[in-house]
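In what follows, a single structure is set out as structure tokens and then discussed.
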Amino acid sequence: MLGSGAREHALLLALTRDPSVSGLVCAPGNAGTLAIAENRQVDPADGPAVVALVAEVGADLVVVGPEVPLVAGVADAVRAAGTPCFGPGAEAAQIEGSKSFAKQVMAAAGVATAAAATFTSADDCAVHLAGAPAPYVVKADGLAAGKGVHVGTELAAATAFARDVLAETGSTAIVEAFLDGPEVSLFALTDGTAVVPLLPAQDFKRVGDGDRGPNTGGMGAYAPLPWLPADAVDQVEQHVLQPVVDEMRRRGTPFQGLLYAGLAMTSSGPQVIEFNCRFGDPETQVVLALLETPLAGLLLACATGTLADAAPLVWRDGSAVTVVMAAEGYPAKPTSGDVVSIGPLPEGVEVLHAGTRIEDGAVVSSGGRVLSVTAVGDDLAQARTLAYDGIAAVELRGAHWRTDIARAAAAGEVRLP
Ligand code: AMP
Ligand code: GLY
């Protein structure tokens, strides 16, 4: 397993529940993965170092968690050395690495997405924005860990954001139409041909309650979505996921791994906000908490082109909620080095580590999103209560978290336009 977030901890935890798995190694991992895997201090984005580690431990399958190593071609390097790898090669990872590339693929595949224009000149971009309706959506073209997007109603702020993006030489800014409606994260496993959607989830990207404050990597999530029409997943599979997987194969750059569609449920149906080339964080924590099918076989089937033979997925009844505990100052300037103490947890609750490490035998914080508390309950309300009981069992100086994760959905207040 390559990566060190709560997503990787959740993936490893699911793999420990698979009887076919005999051992787990994580590079670099965190204080949580250390309890279930052997942590190795190898940079996941360093292809040769990863290939050497894979040979040393004799791995049967490599799973790449984050986007940075995928965009850097680490999955290509692992495959070239002869080991099955879950995750797209560098060219296919451009579906996340370049928003303009993703737009081209969607246009070719006939997939509904926000109309967009790309700019390399700040003046041209300013003229375009001045003639566009609010709200304004401006994005930097490359990878930005969820922080390269500006959404707002003020023209001056949108123009200033675009100028900042374009101040960097060689950069591209994208101005998009604003998509209304609740967001859905739909993950699909794929081997480059077959597509198997997982349960739909929703994440909360803004740092504060009521969707206020700056964007983050994600502050919480829940699954499944009680308000989503019953046929929505099939619709997205048919009109978004399968056409994109087919188009990537047609281009000679098949996408293999996890295709993450970020969608807005608009009045004219689901439209794509973005694609990611890997499991999302924190949605993975809730989706995998509900998956009963052994995970290793599924990931291996993606890596070896045999996903069409996999039996239908089995999900446990009920709902899952995860709440991210972030360090003081996150997302602008997170502090680190504070002791994290985790008390007894209620049944059905897991703490998944992200920015943690062991120092003098104690768990201490080492990143912005420190951990996420994931709970499974009979329904969303119960899962929510359990997740927040779990948060109450964790002590971290200066920590903050959202108190409204899944609240509107549990109360039946999420409305489709
Ligand atoms: P992205 O990095 O593309 O996922 O964008 C981050 C967040 O910005 C998304 O999850 C949305 O909440 C918001 N966003 C991005 N694009 C749009 C859009 N075209 N319309 C409305 N909101 C958007
Ligand atoms: N949950 C958002 C992401 O993983 O990019």
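Both counts, for ligands and for their atoms, begin at 1 and track the order of listing.
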Parallel, tilted or perpendicular: ring planes of F187 versus F279, cut at 30 and 60 degrees: perpendicular
Under a 4.0 angstrom heavy-atom cut-off, which atoms of ligand 2 come close to [X]?
X	value
D203	1 (N), 2 (C)
G217	1 (N), 2 (C)
G280	4 (O)
N276	5 (O)

Enumerated ligand 1 atoms positioned under 4.0 Å from heavy atoms of [X]:
X	answer
E183	9 (C), 10 (O), 11 (C), 12 (O)
F178	20 (N), 21 (C)
K99	1 (P), 2 (O), 3 (O)

Donor-acceptor pairs under 3.5 Å, side chain of residues 290-302 to any protein atom, not counting sequence neighbours: which ones?
residue	atom	partner	partner atom	Å
T293	OG1	V314	N	2.7

Is there side-chain contact between [X] and [Y], with heavy atoms separated by less than 4.5 Å?
X	Y	value
M325	I391	yes
V74	P44	no
P66	R7	yes
I342	V363	no

D123 and S121: side chain donor to acceptor below 3.5 Å: no
Is [X] in contact with ligand 2, taking contact as a heavy-atom separation below 4.0 Å?
X	value
S185	no
Y260	yes
G218	no

Rounded distance (nearest 0.5 Å) linking atom OG of S98 with atom CD1 of I174: 6.5 Å
Derivation of the salt bridge (charged side-chain N to carboxylate O under 4.0 Å, His left out) call for D246 and R251: CA-CA 9 Å; D246 291 345; R251 291 173 171 238; over 6 Å; no
Ligand 2 N/O within reach of E283 N/O, cut-off under 3.5 Å: yes
Within reach of ligand 1, part of L179 (heavy-atom separation under 4.0 Å): both
Under-4.0 Å heavy-atom contact with ligand 1, by part of A177 that carries it: backbone
4.0 Å heavy-atom contact, G148 with ligand 1: no
Sequence-distant partners of R40, salt bridge (charged side-chain N to carboxylate O under 4.0 Å, His left out), two or more places apart: E38, E56
Residue part near ligand 2, for R278, under 4.0 Å between non-hydrogen atoms: side chain
